[in-house]
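These notes are about the structure you will find just below.
Note that ligands are numbered from 1 as they come in the structure, with each ligand's atoms numbered from 1 the same way. Residues: numbered from 1 along the sequence shown. The basis for the numbers below is simple: all heavy atoms, side chains too, and nothing from hydrogens, waters or symmetry mates.
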Amino acid sequence: TDQPTTRDGFAEPFLLEVLASGGLDAAYVRAEGNTLYRRGEDGEEIAVLDFVGGYGSLMLGHNNPEINDRARELLDRQTPVHAQFSRHPYADELAAELNRIVQRERGDDESYYAIFANSGAEAVEAAMKHAELDRGLRLSALTEEIDAHLEEVRALVADGTATVPPRVAGSADELIADVRRRNEEQLARGPLFLTPEGAFHGKLAGSVQLTHNPGYRLPFKSLAAQARFVPRDQPGALRKIVDEERPHLLDLVVEGGRVQVVERDHPLFTAFVLEPVQGEGGIHELSAEFVAEVQEVCAEARIPVVVDEIQSGMGRTGSFLAATRLGLKGDYYTLAKSLGGGIAKSAVLLVRKPLYHGQFELAHSSTFAKDAISCLIGLKVLEIMEADGGAVYRRAAERGERLLGMLRSVRADFPETVRDVRGRGLMLGLEFRDQSDATADPLRQVARSGFFGYFVAGHILREHRVRVFPTSSAVNTLRFEPSVYVTDEEIDRLEAALRDVCAIIRDTDGARLAPI
Ligand code: F0G
């Protein structure tokens with residue numbers, strides 16, 4: 001049973017037991033840069049080098065001094081934090097700055113309206129809802145047009161201007177009733193989202209439907225619209241799915257006095273939602289071919305593209321948006337994580353102006369979203385990133401190359417242990433080979449537990465005081481997302497830890513990975 005004991009308290013005790021079983025249940029008392037501190041038995045601080053980086057929320061490090069100063073200043077000034085339904089120049093300024101940066105990276109002058117939210121998953125849900133609002137409006141316009149055509153046909157046949165060819169139907173009324181029945185059947189089909197296999201877009205009732213991991217998604221399948229998951233490495237797969245699912249509504253036209261049945265495209269797909277570099281699913285950058293197919297098919301079928309930059313954005317891959325390098329252009333963008341500078345909970349949805357519906361601002365809002373502190377911290381984050389002509393982005397690329405070079409050298413020395421290293425900028429992964437069939441019992445058991453990367457992380461934490469985690473839907477892949485200030489010495493410490501783990505996997509029975 002998964003009934004937890006309450007030995008450690010009432011706040012998610014089950015998760016804590018899981019962490020404890022892997023030796024990962026440290027309590028941290030202070031944090032700075034890439035370092036977390038826990039207390040030793042004598043009360044002294046023990047430093048732990050952090051390569052998790054808040055799952056990507058700490059591009060600028062823990063307790064960045066400039067950001068903390070700004071936060072203190074805002075509090076000292078008694079900045080109104082919650083003043084809903086008032087003018088919000090801080091939010092306008094942040095949205096304007098985001099527009100400027102996004103336009104620079106896209107190399108065009110598309111404008112985006114901003115909807116603020118509290119978490120990444122909420123920004124994704126806002127995108128899903130906005131796109132569905134838009135689909136609903138397009139669909140109503142289409143069904144109204146069809147209804148008008150049906151009534152026109154009825155009138156034209158009644159006054160003898162048009163006839164229903166016998167091979168089409170017995171009478172106009174029968175034909176119209178038939179068209180209506182077929183359309184109602186079609187319209188009863190719920191909307192569908194498209195997203196790549198391996199996607200992660202959050203764990204709320206809507207966004208979890210776009211999260212590939214069945215363990216997260218399936219228990220909540222009945223709560224919201226479903227996604228079709230598209231293979232990332234099969235050219236033509238997306239087109240096939242869209243063609244397979246693409247339904248039609250029937251319409252009537254009169255040509256040369258004869259009533260004809262024609263098919264109209266039914267906008268069934270609400271949106272294609274994708275991460276330029278998949279994070280939680282195992283660090284996979286999308287290929288240029290896949291991106292090109294997404295853009296082409298979505299443009300043809302009028303499916304809006306939602307680029308989820310919650311993890312890959314905010315400079316992490318060496319540009320503000322990871323989509324920039326891939327030439328991927330979105331109708332919507334989501335940002336969160338590092339937008340809050342490591343202290344605020346903040347997210348934003350950007351919606352391309354021609355698609356935007358003002359009524360959405362009332363349809364989606366929250367007590368906490370768009371608060372002054374989060375927006376002003378977000379502005380500070382952008383100021384730091386944009387300073388010196390984008391030194392932070394260049395540094396993310398340079399540090400990323402250095403870190404990737406180290407990971408490649410480990411792979412080269414342990415080819416039987418490390419399957420792959422990959423990623424971009426400071427969003428990198430190291431995938432271990434699957435050990436489920438290892439001859440040594442302990443190693444095989446660790447691999448078959450479904451928590452392989454967590455056991456590796458536990459060992460690295462205990463023995464090296466370095467904090468790493470696997471991507472949670474692909475537990476053989478460790479993910480590295482340190483801040484842009486990561487030093488050579490910190491990379492060297494990670495290297496020593498990884499080499500130790502690789503040697504244990506290669507040369508021992510792996511018992512040291514599972515000490516319990
Ligand atoms: N989208 C992406 C691409 C994410 O990586 C995440 C979170 C979310 C949405 C949801 O954001 O947690 O603020 O609600 N990813 C984390 C991970 C948790 O493990 O990669 P949230």
Side-chain angles (χ1 to χ4, degrees), residues 12 15 19 24 50-59 116-129 193 195-213 215-217 220 227 229 232 271-286 305-317 321-323 326 328 330 332-350 366 368-369 374 378 423-429 451 453-454 457 467-475 477-482:
E12 306 195 3
L15 185 59
L19 289 176
L24 289 161
D50 184 16
F51 270 91
V52 177
Y55 289 127
S57 62
L58 296 169
M59 249 312 263
F116 287 89
N118 301 283
S119 67
E122 193 201 331
V124 170
E125 301 243 340
M128 296 173 76
K129 285 175 63 182
F193 286 86
T195 192
E197 286 179 353
F200 185 92
H201 297 288
K203 291 180 176 171
L204 297 184
S207 50
V208 78
Q209 314 300 339
L210 311 179
T211 285
H212 196 197
N213 185 328
Y216 297 151
R217 175 169 45 90
F220 310 106
F229 292 92
R232 296 186 307 261
F272 197 120
V273 186
L274 76 177
E275 304 151 88
V277 183
Q278 291 188 337
E280 195 271 353
I283 311 292
H284 299 283
E285 186 173 33
L286 298 181
V305 175
V306 180
V307 179
D308 181 347
E309 292 269 8
I310 286 166
Q311 190 160 164
S312 57
M314 301 299 300
R316 183 158 291 284
T317 67
L321 301 171
L326 294 172
L328 169 63
Y332 299 76
Y333 294 93
T334 53
L335 293 164
K337 295 200 191 248
S338 292
L339 179 64
I343 56 174
K345 292 177 184 170
S346 179
V348 68
L349 166 68
L350 299 175
S366 153
F368 296 112
S374 299
R424 186 155 305 274
L426 291 171
M427 191 169 172
L428 298 174
F451 290 100
Y454 288 98
R467 183 173 136 93
V468 295
F469 273 135
T471 50
S472 54
S473 290
V475 290
T477 298
L478 293 183
R479 131 174 82 170
F480 310 104
E481 300 195 13

Test your reading of the model: is there a side-chain donor-acceptor pair from [X] to the backbone of [Y], 3.5 Å cut-off?
| X | Y | result |
| --- | --- | --- |
| E280 | H201 | no |
| K337 | G120 | no |
| S338 | G56 | yes |

Could you check ligand 1 for N or O atoms lying under 3.5 Å from protein N or O atoms and list the pairs with distances?
from, atom 1, to, atom 2, distance (Å)
ligand 1, 1 (N), D308, OD1, 3.4
ligand 1, 1 (N), D308, OD2, 2.7
ligand 1, 5 (O), Q311, NE2, 2.7
ligand 1, 11 (O), A121, N, 3.4
ligand 1, 13 (O), G120, N, 2.8
ligand 1, 14 (O), A121, N, 2.8
ligand 1, 15 (N), K337, NZ, 3.0
ligand 1, 19 (O), R479, NH2, 3.0
ligand 1, 20 (O), Q311, NE2, 2.8
ligand 1, 20 (O), R479, NH1, 2.9

For F51 and F480, take the angle between the two ring planes, folded into 0 to 90°, and tell me which bin it lands in: parallel under 30, tilted 30 to 60, perpendicular over 60.
perpendicular
Testing E285, R232, Q311, E197 for side chain to side chain donor-acceptor pair (under 3.5 Å) with Q278, which one passes?
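Only match with Q278 under side chain to side chain donor-acceptor pair (under 3.5 Å): R232.
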Less than 3.5 Å apart, any donor N or O on the side chain of S473 or Y216 sitting next to an acceptor on the other?
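No donor-acceptor contact under 3.5 Å links the two side chains.
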